[in-house]
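Order of the sequence lines sets the chain letters (A, B, ...), proteins ahead of strands, with each chain counted from 1. Only this structure's heavy atoms are used, side chains among them; waters, hydrogens and symmetry mates stay out. Bear in mind that the values here come from a model prediction, so they are computed numbers and not experimental data.
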Amino acid sequence: MENPANVRVIAAIRAIPAGQVAGYGEVARRAGLPGRARMVARLLATNDDPCLPWHRVVRADGRIAFAPGSASYLEQCARLRSEGVKVEAGRVRGLRPAPTVDQQLWGDHG
DNA sequence: ACCTTGACAGCGA
DNA sequence: TTCGCTGCCAAGG
């Protein structure tokens, strides 16, 4: 992690509370990088920190980014379930296909 | 420097 | 909801 952008992204991901999930684009804009969803994905792909809650990052529609059946897919799915996140057909409950999603993903308290 | 690939997102059909 | 197209940025060949 050399550039501050990556640091911001990492921070944003680490800011996702357990039991909650966030989309790549959501994380990106939380990191101050609107439109950099793919950067988040690439960053996770090159991520080496095991402490990073990467499993809390899903696609905008709430589906797992990995191919159904793949090791990573099962891994993420298992981790999410372990946190109480409802996952059905590779899709996460609590996330809606509708936009204007903000604090809905980051806690309804504030 | 050019083209392709990738853990994506948004919009229209 | 699913499929296709476009926009986006960085790394690899």
Side-chain angles (χ1 to χ4, degrees):
Chain A
M1 227 46 37
E2 310 88 48
N3 56 313
N6 286 9
V7 178
R8 298 286 298 175
V9 175
I10 296 299
I13 295 175
R14 294 183 84 73
I16 306 174
Q20 294 269 341
V21 297
Y24 291 83
E26 203 62 33
V27 171
R29 61 180 47 184
R30 286 289 171 181
L33 301 169
R36 302 284 187 274
R38 305 200 66 165
M39 181 181 177
V40 176
R42 205 189 60 74
L43 185 57
L44 282 177
T46 63
N47 154 23
D48 49 346
D49 185 356
C51 293
L52 190 68
W54 57 271
H55 55 278
R56 293 175 195 157
V57 185
V58 298
R59 266 161 55 163
D61 52 9
R63 283 181 295 185
I64 304 297
F66 294 105
S70 63
S72 300
Y73 169 90
L74 296 175
E75 177 72 12
Q76 183 169 17
C77 192
R79 289 197 180 207
L80 289 175
R81 286 179 182 276
S82 293
E83 295 186 350
V85 178
K86 197 71 174 66
V87 182
E88 290 184 15
R91 203 175 302 183
V92 175
R93 292 287 202 176
L95 202 63
R96 294 177 182 70
T100 65
V101 187
D102 283 306
Q103 48 196 191
Q104 184 174 347
L105 298 173
W106 301 77
D108 36 39
H109 53 71

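- The salt bridge (Lys or Arg N to Asp or Glu O under 4.0 Å) contacts involving residues 68-80 of chain A comprise A:Glu75-A:Arg79, where partners must be two or more places apart or lie in separate chains.
- With hydrogens and angles disregarded, a donor-acceptor distance shorter than 3.5 Å links the side chain of A:Gln76 to the backbone of A:Val57.
- Not a single donor-acceptor contact under 3.5 angstrom links the side-chain atoms of A:Tyr24 to the base of B:dA9.
- Atom CZ in A:Arg79 sits roughly 18 Å away from atom P in B:dA7 (whole-Å rounding).
- Separating the CG atom of A:Asn47 from the C1' atom of B:dG6 is a distance of 16 Å, rounded to the nearest angstrom.
- Note: A:Asn6 CG to A:Thr46 OG1 = 7.0 Å, rounded to the nearest 0.5 Å.
- Residues satisfying the side-chain contact (heavy atoms from CB on, under 4.5 Å) criterion with A:Ala18, sequence neighbours excluded, are A:Arg56, A:Glu83.
- Here the P atom of nucleotide B:dT5 and the CG atom of A:Leu43 are 22 Å apart, to the nearest Å.
- Look at CG on A:Asp61: it is 7 Å from P on B:dA9, rounded to the nearest Å.
- A gap of 22 Å separates the P atoms of C:dG7 and B:dA7, to the nearest Å.
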Do any side-chain atoms of residues 33-45 of chain A form donor-acceptor pairs under 3.5 angstrom with protein atoms, and if so which ones, sequence neighbours left out?
none

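- In this structure, CZ of A:Arg59 is placed 12 Å from C1' of B:dG6, rounded to the nearest angstrom.
- An OP1 or OP2 oxygen of B:dC8 is reached within less than 4.0 angstrom by no side-chain nitrogen or oxygen of A:Arg63.
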Seminar exercise, completed: Nucleotide by nucleotide, nucleotides 6-13 of chain C touches protein heavy atoms under 4.0 Å in the pattern (B base, S sugar-phosphate only, - none) -BBSSS--

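- Remark: A:Arg81 pairs with no residue by the salt bridge (charged side-chain N to carboxylate O under 4.0 Å, His left out) rule, at least two apart or across chains.
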